[in-house]
Every structure is written in C-alpha cells, then in structure tokens.
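Below: one structure, written as structure tokens.
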Amino acid sequence: MNKYDPATIESRWQARWEQDRTFKAPNPGDPGFDPDKPKFYVLDMFPYPSGVGLHVGHPLGYIATDIVARYKRMRGFNVLHPMGYDAFGLPAEQFAVEHGVHPRVTTEQNIANMTRQLKRLGLSYDWDRCFATTDPGYYKWTQWIFLQLYGAWFDPASDHARPIHELIADLDNDNLYIGPDGELVSPYAEGFEGIGGVPAGCRRYCEMTRREQRELIDSYRLAYIDEVAVNWCPALGTVLANEEVTNEGRSERGNYPVYQRPLRQWMLRITAYAERLLRDLDLVKWPESIKLLQRNWIGRSEGTEVQFSMDHSPHAIEVFTTRPDTLFGATYMVLAPEHRLVDRITTPQQREAVDAYKKQAAGRTEVDRTADARKKTGVFTGAYAINPVNGWKIPVWIADYVLTGYGTGAIMAVPAHDQRDFEFATTFDLPIVAVVEPPEEWFEQRASAVEALQGLDLDSLRKRYAENPAVFGQAWEGEGYGMNSANADTSLDALPTERAKRRITQWLEEQGLGRGQVQYKLRDWLFSRQRYWGEPFPILHGEDGEVRPVPEDQLPVELPDMEDFRPEASDDPDTPPRPPLSRAPQSWRIVELDGKRYTRELNTMPQWAGSCWYYLRFTDPNNEQRFAGRQAERYWMLSHRADGTEHRGGVDLYVGGVEHAVLHLLYARFWHKVLYDLGHVATPEPFGRLFNQGYIQAYYYEDDRGVRVPAEEVVDAQGRPAMEVQDEDVEFFHEGRPVRRLYGKMGKSLKNAITPDHICDQYGCDTLRLYEMYMGPLDQSKLWNVRDIIGVHRFLQRLWRNFVNEQTGELRVVDSEPPEALRRLLHHTIQRVTTAMNTMAFNVAIAALIELNNALVNRETLEREIAEPMVLLLSPMAPHVAEELWQRLGHEPSLACAPWPEYDPAMLEQESVELPVQINGKVRGRIRVPADADDKAIEQAAMNDEKVAASLNGREVKKCIVIRKRMVNLVVPEDG
RNA sequence: GCCGGUGUGGCGGAACUGGCAGACGCGACGGAUUCAAAAUCCGUUUCCCGGCAACGGGAGUGUGGGUUCGAAUCCCUCCACCGGCACCA
C-alpha cells in the first residue's frame, strides 16, 4: 500500500483495537488496573437507537469526547469512556407499531446498526461496558432506585432524604405528632418547648387507624400516588409530563391535543429538592446559560404567605405574594377556577355564573388562552374577604389568569402595582389604590403618554396619582416608597420597598396572619405512563388499597411478552386511560405474596427514568449485587486535586445537546441527590462539568405546499445536486417542481440527514472526524457543508506523502537532525496543540498541525525527531492514520497510551524578534531587536528606523510605550 | 414582553489577560506539470485610491457613541439573527 488508503487502514486498526481490547478500562481490583494513575470519566449523552440510525450531527459530540479520552490516556489517566443506549420510550414503541414488530426486536436491530455506525468512527469506547436501558439486568436497578424513592421521605429539618422507617419510628416514639392538616409537628420545635404532652390540635400516630397511618406515611414518600390534574393525550393514549407538552398545549411528540384531567398517578417529590437543586449549581462547572435555564425552571421566589379571613364565613383564603409591601393596596382577590374553596364560598346568586365560568375554563386549552391575547376574564363569587391590614371588605373573584398549580392558587390583587391586576380591575371596574410611589421618570413618561395628564407638573401628578392611579393607564410594578399604607398598629409609609416587605411580614407573623415563604415554579414529577415499552413499576396493589413494593429479591419485574402492545388511542378526551399492561396475561398481572392476592401496577415509567442513572451503571455495568459496586462508583466519581484533597466532582466531562438542559439534567441530579442522601453514592452532584455541543444544521427543502422533500433528491437548474451548490439565490427543484431552501437542525423530520457512513465510504472516518472538529468551535451550531470536507482530506493525503514515498512505499523518515527552524516550529506546534486540547478548541489544534504539515511539503526526507511527535499530536483526532504511521515508524501496535509530546520552552524563545512600530496606534514600520533588549534600546531602535523617522516627520515623541515581544507605540502630537 | 447567546473577507472560521485583524481551510483567479483532464505543486485573494511594478495612502471586526497611548476584545445605545421562558402573583 503506497497511497493513503483510509478504507484499509481504518478497518485494520478498528479490528486490532477490538481484538486487543485496547480501550478496556479496568476497575479497581481488575487485572491490569493501575492505582497510581488519576482517573478521568468522560461521558456522552447516550443516544436513542432510532430506526434510521445516526446522522452526521450525532457524532459531533462523540468525536469531541473521543479526542479528550484519547488525549487523557496519553496524559497518563485511567479513562472511563463508555457508551450505551437509551432504548425505552415512545419512539421505539411507535416505530414498532408502524412496522408491526415487537419493540424488543426493533430496538435490538437499531442498537446493532448504531453500534456498527459508532464503531466505524473509531471511537475509543470500552465496549465491554455497553448496555441498553431496556436490558432487564439494567432496569432491575432502575426499579430498585424507584423503590429507594418509595422507601424514603424528605426531612425538612435535616434538608435531606431519610429512610421512611425512621419517620415511622419517630412517630411511634412520639418524637413527631400529626398536625391538623397532616403536617408533622415536633414537640421540640420552638413554641412547644417545655410543654408536656401532645401539642394543641395534634394527634398521636399510635392513635390512628392502620389505614390512616398508611395513608399518612404514603403521603410523605418521595414516590407517592396522587390524584392530580395531568396532561392527558388521548391520541397517544398516555399522560405526559409538563415538559413533554408544548406551549401550544400539544404533545411534543406527534403534536396531538392535550387535555387537563385529574388522574391518580405516581409522582416523584422533586420539589423537596428545589432548593438544593438550585444551590448546588454552584458546585458544578456548567455553562452559565444552562445553569440559568435550570434556575428559571426551578423558579424560586421569595415572598409572604398571607391569610385573608372571609366576611360571614369560617373559611380563610391563603395567598402567596412577592410584594407584601403592597398589601394595603389589595382591593380584591382572585381564586383559580379550580380552587377548592370556590364551591364553598360562592353565593347562590352567583352560582350559575361561577359554574359556567369554571366549565368554560376547564375546556379551554392553552391554545384558546393565547389566542385571546390574554384578555382578562373572570366572575364574581359573591363572597367577600377581609384585608387583614386595613379591614377592607374586598370582593373575591375567580379568573383563569390565576393558575392552580402555583403558590396557593389564589392571589390578593393589587391593581395599582401589578399590570395583570390592573387590566382585570379596569375591565371589571374594581377599585385601584396606589400604595407605592413611583419615581419621577415614570411620572414624566406617563404624563407624555396619557393625554389627560399632559402639561401637569410633578406635584400635580403625584397628587393625581394618590387620588386616582387608574388615570395613569398602567400599573407601577417597580419599587418605591410606601404611601397610603398605615393602620393603627403599623405603617409602611415612606419606607423603601425592601424594608416595607420586612416590616409587614414581621407584623403579619406577630398577628398570626402570615409568614415569610419561598415558592418554586418547579412541580413534582409525574412519573406514570400508559405505555408498554417502559420499565414496569415494582409495585403491587392489594385489594384493600394496600400498596406494596415488590421484594428486592424478586426484581426485576420483567415486561410480559405481549402480542398486542398498542396503546389505546382515542379522539375522545373523556376516554379513560387504559395502560397496555392491563391486557397482559393474568399470570403476570396477578401475584400472590404471603398468601395475599395483589395486582401489579399497570403503568410504566417515563423515558427519562433510564437515563437518570446510567452514568453510575457504566462504572460497574455487570454488577449483579448492586446498581454499581461501591468501590467502582467511588473510584470513577471521586477524584483528587493536586494538593491531595478529595474532589467530589462526579463525571469529569459530560457532553451533549442543550435540549436536555432542564429535563434529563434536572431529573438525573434529583435521583442522584436521593441516592446521595441515602448513602448509596459518594458525590452530591453527578456531572461535575458539562459541555454543550452545537447542532449540525443543514439546508432543507419545501415544495409549494410546504411539504418537505428529501434534500438529497433536490437539484439546481443545471441538474447538479443541491448539496454541492453553495451560492445564494439559486433556484432548486425536486422532481421538476420548484422548492424553497430553508435551514435547520439536521434530522429525520427535516429530511436533510446525511449519514456518517456516506462520508466514511467516500473519505474515511479520519477525514470525517477532522472535518467535524474543523468546522468551528464545538459549542456553536454550524452548517454542514460537503464542499469543505476536501480540505481536511487533502491534509491527510499530504501528511501521508510527507511520511511515505508514494512511488516506492518507503518511509521518508530518517534519523538525522532537523533544521533549527523546523525544530522550533515543531515545539511551537506542540504548544499550540496542547493548549487547544485543554480548551477543546480542536479546530485550532488541527490548523496548527496543518501548518506544520505544510512546512514539510516537498522535502525528500523527514526527521524522526519531527515525525514522531507529529503523529502523536495528530492521533487523538485522526487515530487510524496515526496508528498506521506509528507502526511504520517501528513502534509496537498502539499509541493509545504513548506519552503526549512535551515542548521545550527554550525552543519557543527567539534570539531576535520583529516588532511593529506604531505611531499613535497605527503601524508605521517594523524593527528587529534582540529578544532580551530593554525598553530603552527598543525605543532607540524604533526611532532609528527609516520609515518611522519619515512618518514622524520631525514631530516630538511625547511618550513611548513598549510592550516586550509585542509592539512599540510612539505617541506624538497630531499632524497639522 | 422578560432572560440568554451570537454578529469578523465571497464562505467556515483564527486572534493569549486590551497590543501587528483576517491564522488555517473552502471557493475564486493566475502559473507549473499534462496530448488533455483529474490529482499534485507554486503564487495571488478584506475593500477603496494611486502606480507597469516593487510599493505608497486611506477605510475596516453589525450601528452610533465612550474609556484608553492603543479596542474585534472593556462600557453605554440601537439593529439583526438564534435559543429559552412566557398571565409564576
């Protein structure tokens, strides 16, 4: 083989790596494990094995992590670099339904195909660690983790999860009592100290019936059943998580309508972890933008909970507000239509109107609501509440602009200082009272916007505002000094917002009417799905309502074989959900345990479950005793800093797309924290460092009906394939019909996918790897451009010719000394490539290697001193050609663990340097001075330069700025 | 509407911590080689003005301003595109 022949080289080395288990990562205790090396865990977000396989967008991240893995091995790390498949879930099931095959069969086929594709890319995974979330040996432990959640509760006092039996013990021993609303009351808590016996209004656990006890305990579990309003999608035959529903109120997958309806479902208490999920973002090195997305999703807000008593009614309405300082301006209240008090407080006269409104609100999907452009609607309940600070009797309304799921589902409306309330008050002619003084600028801005206010001076505006804020046309939502805010007891007048908030909250606390409170947007995680292709719950239901976990030694609960695994889809939103497992054989559904008959839970877990902990399984994928051996988990998840201290960083580098910013990453962190609290894992966070790769985008084409056509079939007017045409303003055609060119993320839905196989066939995977890395910064999205691939391919060909004489097939490498300049260039290249590796700027690393390679063109021979480091520098990015050359250079097969080249800093030092000379910041000449010249000498040299002297034209140099080894700047007075 | 990101030649992009803008690649143009083509090799390629040329002058990193001896880089204004959230009290 004389010419560069990627096909031969690549298949040979891939076979070799597989045969030699070159990339096997031994665990502590395994043969070949070297305890002296530090560890590095580099992980990809594992793919979903879809029927169409990979397109060139998938490997972008995989190639990057592979380069890091290979680089770290050469740097002397034990590298864990695994790959697996996230194979449960809707798409696999739908694919199976469409093709009439069992999802297990299609999933296995898809996995086989994707594995083949991945192996062709020469990725250095430890394939012995590969698994799919659908393997019973894996989901056994997914079920086990679910049981950990089921068997735990969140103790707010210690701020972490504890085994549920500890709660039972505390209740049994009267360390805790049960309050009137089922809350846990500690006799040692403030206010109860020193008082013996049961606190007022509380009950003892031992005095409850067994059923009450069970219900109480169940209500504290991290996994619990609740009747909640869920997103029911009849067309898919399943309920969906909030995250799986679009803003338009349709299913993310399939775009079917979604309806709200109450159902009994498994929930996971992620809200208990809201604060820690937020706070611990400080522990991880993630892109700020992703942290921000998570913070927004968690949606923490600080405020005050306030009780409003009712006029002529024993009920009280509890509201949450972030602006307690505006309490004096609360002129009415609004309940969400679904609020539990609505029916109880509505007066007979208003009942009909309220019922009608409730019905209408329930039937309204998000689409309808947004279509209204947020027009405020609502109905008066006929009831009145009492504003606790000033005793005003204020009307209670219901309106759908108040959401059930947030806060208490009820608000105090302060129309003067909340735009939504202002609009509502204006629509229904409710009173508006100003209690915060806006700043001057706002008055000025309003005065120019509102006709009735034009020409008024500031004092008149203020006076006007105090009398009638409605005239100003909008609410002032900012901060300011309090006004109109005093009662006999306390006053917020003239207090700035922050202080007013504190004072009124304190006052409310003293009166027993409220307290400071933190609210989160985050809701508990709806965990049931009415699907077949998911993990079965390890849960049994007794006929008496008992919920019982499947004993650990009976895990996994395997999916039953079923002929018909289709969900029961329907167009009727009122169809009750019927999980496919309800049609499973009776032998599966009915279980006898300790002489008692149970029915299995028939729902399955959502797709996110399997991906919540796969990174842990990779540390010890074949362990049958534990989800991962303690030692293996600790070894790969903990590391040590240079000073020897323990770093609980988890996965050292996790690479994947931004689309998982909130869902997968939040769920996985939640599970991890539960496992951490229960002592099963060693780190508080799973992923110490996260990196988001950009998308590969590509052109796609739509015909005049807006139907997308396959991009590879589109041609221009000359009949050339559209993919090879780059110019703007070209007309394109598909089967003779004109089509429009658009631009978007590569994928199946846009019909613009290009498979990596295609590129590998044409150029080899080293070229594909280089090209994907050379396209630009890893974290940016970029356009797939076939035409540019040739550039990196030429680089590899040229590299080959620099090493190998194509005529004779002989190596050009010799043992003589290289010229000094070349040696310097090499060391400079080592430095550049090393820096680039550390910052994952692989495009820059490749550019540096191309430069070095270009300097070798047209030389008859190549010195070993240059050749060997060069091959090593290239090897993480183009490993096949590097291995081939390394072997031809006379080395033992793999360079996978060869030491990374070091550069000699002395080689980067030049004896003399060329400096640009600027005059007033513009380059006017160049001088060459010794590298160690001092400022004076450099200044003198600059002044002596002919061109500089000419440009100076006799002007006096007022100042000379010398930056060593960079430039000289002479400051002179401006000419003329 | 709110939050975040990005904006550099014909194209993808480079530029340490404020210090020579346009590395490297694509494309284009010119040349060598070739019967010819492909491949390969050499050269030119930000724009404008002057010059046969070597070269000289000016402008220039989305817009306008500011800080600085010096700004792609820092600050403010606006614009465009991309992404997230969206009645969250």
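Note: hydrogens, waters and symmetry copies are ignored here, and every other heavy atom, side chains too, is used. Quick note on labels: first sequence line is chain A, next is B, and so on, each numbered from 1.
- Rounded to the nearest Å, the gap between the C1' atom of B:rC11 and that of B:rU17 is 31 Å.
- Side-chain proximity of A:I411 to the nucleotides B:rG4, B:rC41, B:rA89 is greatest for B:rA89.
- Heavy atoms of A:V334 sit nowhere under 4.0 angstrom from any nucleic acid atom.
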Report task. Go through the steps to decide whether A:T304 and A:T321 satisfy the test side-chain hydrogen bond (donor to acceptor under 3.5 Å, both in side chains), and finish with yes or no. Result -> CA-CA 5 Å; A:T304 303; A:T321 174; over 6 Å; no

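- A side-chain donor-acceptor contact under 3.5 Å links A:S301 and A:Y406.
- A donor-acceptor contact under 3.5 Å is formed by the side chain of A:R926 with the base of B:rC20.
- Residue-level contact check: A:I850 touches the backbone only, with heavy atoms under 4.0 Å from sugar-phosphate atoms and none from bases.
- Using N1 to N3 plus N6-O4 or O6-N4 for Watson-Crick, or N1-O2 and O6-N3 for G-U wobble, each under 3.5 Å, B:rC85 pairs with B:rG1.
- In this structure, of B:rC41, B:rC20, B:rC69, it is B:rC41 that holds the atom nearest to the side chain of A:R798.
- A straight line from CD of A:E318 to C1' of B:rA89 spans 14 Å, rounded to a whole angstrom.
- Relative to the side chain of A:N858, the nucleotides B:rA89, B:rC87, B:rC41 differ in distance, and B:rC41 lies closest.
- Backbone-only contact: A:L292 has heavy atoms under 4.0 Å from sugar-phosphate atoms and none from a base.
- A 6.0 Å sphere centred on CD of A:E498 holds more than 12 heavy atoms belonging to other residues, nucleotides or ligands.
- Of the candidates B:rA89, B:rC69, B:rC24, the closest approach to any side-chain atom of A:A847 belongs to B:rC24.
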**Report entry** Check against salt bridge (charged side-chain N to carboxylate O under 4.0 Å, His left out), A:K959 and A:E939
**Finding:** CA-CA 10 Å; A:K959 199 169 166 188; A:E939 181 175 347; over 6 Å; no

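- The distance from atom CD of A:E423 to atom P of B:rG1 is 14 Å, rounded to the nearest whole Å.
- As rounded to the nearest Å, B:rG51 and B:rU61 have P atoms that lie 28 Å from one another.
- In this structure, A:D421 reaches neither bases nor backbone, as no heavy-atom distance under 4.0 Å exists between it and the strands shown.
- For the P atom pair drawn from B:rA54 and B:rG70, the interatomic distance equals 33 Å after rounding to whole Å.
- With a 3.5 Å ceiling on both atom-pair distances, B:rU63 lacks any Watson-Crick or G-U wobble partner.
- Rounded to whole Å, atom C1' of B:rC26 lies 16 Å from atom CG of A:L796.
- B:rU8 and B:rC3: their P atoms are spaced 25 Å apart (whole Å).
- Here B:rG4 is the nucleotide among B:rA23, B:rG4, B:rA59 with the atom lying nearest to any side-chain atom of A:S289.
- The aromatic ring centres of A:Y332 and A:F428 sit 6.0 Å or more apart.
- Counting any heavy atom pair closer than 4.0 Å across all strands shown, A:L293 reaches sugar-phosphate atoms only and no base atom.
- The side chain of A:D400 approaches B:rC87 more closely than any other nucleotide in the set B:rC69, B:rC87, B:rG13.
- In this structure, the CG atom of A:L522 is 14 Å from the P atom of B:rC85, given to the nearest Å.
- An OP1 or OP2 oxygen of B:rU40 is reached within less than 4.0 angstrom by a side-chain nitrogen or oxygen of A:Q797.
- B:rG10 and B:rG4: their C1' atoms are spaced 31 Å apart (whole Å).
- The side chain of A:F320 sits closest to B:rA89 out of B:rC87, B:rC85, B:rA89.
- At a threshold of 4.0 angstrom between heavy atoms, the contacts of A:Q519 with the nucleic acid are absent.
- By the 30° and 60° cut-offs, the orientation of the rings of A:F424 relative to A:W397 is perpendicular.
- Across the protein-nucleic acid pair, A:I696 atom CD1 and B:rG12 atom C1' stand 12 Å apart, rounded to whole Å.
- Rounded to whole Å, atom C1' of B:rA86 lies 8 Å from atom NZ of A:K521.
- Within 4.0 Å (heavy atoms only), A:R924 reaches sugar-phosphate atoms of the nucleic acid but no base atom.
- Using a 30° and 60° split on the angle between ring planes, A:Y763 and A:H793 fall in the perpendicular class, above 60°.
- Between A:K358 and A:E338 there is no salt bridge, since none of the side-chain N atoms of the basic residue sits less than 4.0 Å from a carboxylate O of the acidic one.
- Contacts of A:M967 with the nucleic acid, taken as non-hydrogen atoms under 4.0 Å apart, include base atoms.
- Contacts of A:R794 with the nucleic acid, taken as non-hydrogen atoms under 4.0 Å apart, involve only primed sugar atoms and P, OP1 or OP2.
- In this structure, CG of A:N2 is placed 21 Å from P of B:rA39, rounded to the nearest angstrom.
- Rounded to a whole angstrom, the distance from the C1' atom of B:rG27 to that of B:rC81 is 25 Å.
- Side-chain proximity of A:K782 to the nucleotides B:rA89, B:rG13, B:rG25 is greatest for B:rG13.
- Here, B:rG43 and B:rC24 have their P atoms 11 Å apart, quoted to the whole Å.
- Using a 4.0 Å heavy-atom criterion, one finds that A:S301 contacts the sugar-phosphate atoms exclusively.
- For the OP1/OP2 pair of B:rA89 and a distance below 4.0 Å, the side-chain nitrogens and oxygens of A:Y406 include at least one atom meeting the criterion.
- The CG atom of A:N843 sits 15 Å away from the P atom of B:rC26 (whole-angstrom rounding).
- Pairing of B:rU44, defined by two Watson-Crick or G-U wobble distances under 3.5 Å, is identified with B:rA28.
- If you look at A:W784 and A:Y699, their ring centroids are not closer than 6.0 Å.
- B:rU68 and B:rC78 are spaced 24 Å apart, taking the C1' atom of each and rounding to whole Å.
- Both A:I963 and A:G407 lie near RNA chain B, and the one whose nearest nucleotide falls closer to the 5' end is A:I963.
- With B:rC24, B:rC87, B:rC42 as the candidates, the nucleotide lying closest to the side chain of A:K376 is B:rC87.
- Among B:rC20, B:rC41, B:rC69, the nucleotide with an atom closest to any side-chain atom of A:P916 is B:rC20.
- The base of B:rC26 is not paired with the side chain of A:D788 by any donor and acceptor separated by under 3.5 Å.
- B:rU68 is unpaired under the Watson-Crick or G-U wobble criterion, no partner having all donor-acceptor distances under 3.5 Å.
- Applying the 90° cutoff around 0 to the glycosidic angle, B:rG7 is assigned anti.
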